[in-house]
Amino acid sequence: MTFDPEDSRTALGSGMSCFPVTHAREDFGFDEDPYREHVAWLTSFPVAALFVAAGTGEFPALTPPEVEQVVRAAVAESSAPVIAPAGYGTAEAVAMARDAEEAGAAAVLLLRPYLTVLPPAARVEHVRAVCAATDLGVIVPARAGFDAVWRLADEWPNLLGMSDGATACVPAIANFAPRFALDLHAAALAGDTAAVRRGLDDFVLPYLDIRDRREGYGVAVVKAALTAVGRPAGPVRPPLTDLTATELGELTALVEKVVVA
């Protein structure tokens with residue numbers, strides 16, 4: 001089954017999506033069984049979609065075969081649409097997009113080529129090649145620097161968009177506190193500024209303070225929080241580093257302040 005891009009667009013606009021971590025063994029290989037359980041648990045909540053093996057899912061540290069394995073495991077267990085990643089150079093991104101469609105993903109998240117600064121024309125050709133390789137919707141994050149590609153929208157109707165602003169941490173928080181994240185998202189949509197301010201002051205801002213203490217802690221803090229709530233996902237993959245024991249203790253005390261479903 002191939003998902004229609006418009007159906008994917010509708011699903012993505014229906015609520016809060018989640019960016020699950022990718023579970024790792026002590027040797028840093030993909031730990032599939034607990035990952036599958038985590039995906040099933042996350043999608044027992046009303047999340048709009050799962051962006052798997054993306055930033056929070058440690059895409060840069062996964063091999064292409066691992067990415068495919070993660071996507072297939074998520075599709076098998078998720079009751080929400082699964083958005084698969086595609087990245088690196090154009091040839092690899094095209095292959096990943098095709099693999100995602102074959103695996104049953106609902107759409108593709110096209111990540112920026114790492115360590116590559118592209119002129120606008122090259123960005124356009126990169127996105128055009130991926131859109132041409134699949135019937136799935138292709139999502140280009142705003143921060144990926146692909147602002148020049150929107151001229152392709154008429155040529156490729158499967159080119160979708162995504163906003164990823166200052167609240168991008170909330171879908172990651174859903175890994176360990178899905179009910180809190182969903183309630184905060186709903187409060188923001190409803191314009192309930194008092195509820196949003198409480199959520200920010202009581203948890204989100206202190207959480208971000210821990211996250212921002214060291215470069216590369218964006219994934220480590222999520223995995224540490226999962227350990228704190230009794231749902232460990234294993235270590236982060238090199239070259240990332242895990243939180244210190246002191247930081248884990250501080251984070252554990254903070255996580256206790258939110259309602260963890």
Side-chain angles (χ1 to χ4, degrees), residues 16-45 47 50-63 66-67 69-70 73-74 77 85 114 164 166-185 197-261:
M16 188 195 77
S17 296
C18 179
F19 290 69
V21 298
T22 302
H23 291 56
R25 303 187 302 266
E26 288 305 312
D27 65 358
F28 307 115
F30 176 43
D31 200 356
E32 184 167 344
D33 288 345
Y35 178 78
R36 282 175 172 262
E37 189 278 332
H38 186 59
V39 166
W41 179 70
L42 283 177
T43 58
S44 70
F45 296 87
V47 297
L50 292 187
F51 284 75
V52 304
T56 306
E58 299 178 85
F59 176 82
L62 299 173
T63 66
E66 283 179 318
V67 170
Q69 187 181 3
V70 170
E77 301 296 336
Y114 286 88
D164 56 347
T167 60
C169 68
V170 176
I173 289 171
N175 274 279
F176 57 89
R179 179 47 56 197
F180 171 82
L182 286 163
D183 288 348
L184 186 61
H185 181 264
R197 175 51 60 185
R198 284 195 303 272
L200 292 175
D201 290 344
D202 292 348
F203 181 76
V204 176
L205 295 179
Y207 167 86
L208 293 179
D209 177 67
I210 297 173
R211 185 199 69 178
D212 294 342
R213 288 179 189 174
R214 185 175 299 182
E215 292 181 351
Y217 261 11
V219 178
V221 72
V222 179
K223 284 197 165 182
L226 280 163
T227 297
V229 301
R231 302 184 61 85
V236 293
R237 293 164 174 82
L240 298 179
T241 57
D242 288 302
L243 270 61
T244 66
T246 299
E247 289 166 337
L248 175 58
E250 185 178 347
L251 180 64
T252 299
L254 178 63
V255 168
E256 291 175 353
K257 294 182 178 181
V258 301
V259 176
V260 180

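If you read the sequence from its start, that first residue is 1, and numbering goes on from there. Because the structure is predicted, anything quoted here is derived from the model rather than measured.
The shortest distance between side-chain heavy atoms of Val258 and Tyr207 does not fall below 4.5 Å. Looking at heavy atoms from C-beta onward, Pro85 lies in side-chain contact with Val67 at the 4.5 angstrom threshold. Counting heavy atoms from C-beta outward, Val255 and Phe180 have side chains that stay 4.5 Å or more apart.
Here CG of Leu42 is found 12.0 Å from CD of Glu77. Values are rounded to the nearest 0.5 Å. With values rounded to the nearest 0.5 angstrom, Leu254 atom CG is found 5.0 Å from Phe203 atom CZ.
Counting all heavy atoms, side chain and backbone alike, Ala224 lies closest to Leu248 at O-CD1, 3.6 Å. Pairing each heavy atom of Ala53 with each of Thr22, the nearest pair is CA-OG1, 4.1 Å. Heavy atoms only, all atoms of each residue included: Gly216 and Leu240 are closest at O-CD2, 3.6 Å. In terms of heavy-atom proximity, Ala74 sits nearest to Val52 at CB-CG1, 3.7 Å. Of all non-hydrogen atoms in Ala225 and Leu251, the two that sit nearest each other are N-CD2, 3.5 Å. Scanning all heavy atoms of the two residues, the minimum distance from Cys18 to Pro20 falls at O-CD, 3.3 Å.
Of the possible donor and acceptor atoms, one in the side chain of Arg25 sits under 3.5 Å from a partner among the backbone N and O of Phe30.
Scored by the side chain to side chain contact (heavy atoms under 4.5 Å, CB included) test, Ala24 finds Lys223, Pro235, Arg237 as partners (sequence neighbours excluded). Among residues two or more places apart in sequence or in another chain, the side chain to side chain contact (heavy atoms under 4.5 Å, CB included) test is passed with Arg214 by Tyr217, Thr241, Thr244. With sequence neighbours left out, Asp31 forms a salt bridge (Lys or Arg N to Asp or Glu O under 4.0 Å) with no residue at all. Scored by the side chain to side chain contact (heavy atoms under 4.5 Å, CB included) test, Ser17 finds Leu12, Ala48, Ala49, Phe51 as partners (sequence neighbours excluded).
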Identify all side-chain donor-acceptor contacts of residues 170-177 below 3.5 Å with residues at least two apart in sequence or on another chain.
| from | atom 1 | to | atom 2 | distance (Å) |
| --- | --- | --- | --- | --- |
| Asn175 | OD1 | Val21 | N | 3.0 |
| Asn175 | OD1 | His38 | NE2 | 3.0 |
| Asn175 | ND2 | Phe19 | O | 2.9 |
| Asn175 | ND2 | Ala172 | O | 2.9 |

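In summary, of the residues considered (Val222, Val221, Val219), a side chain to side chain contact (heavy atoms under 4.5 Å, CB included) with Arg211 occurs for Val221 alone.
Electrostatic pairing of Asp201 and Arg197 counts as a salt bridge here, judged by a charged N lying under 4.0 Å from a carboxylate O.
Applying the salt bridge (charged side-chain N to carboxylate O under 4.0 Å, His left out) rule to pairs touching residues 242-254 yields Arg213-Glu250, sequence neighbours excluded.
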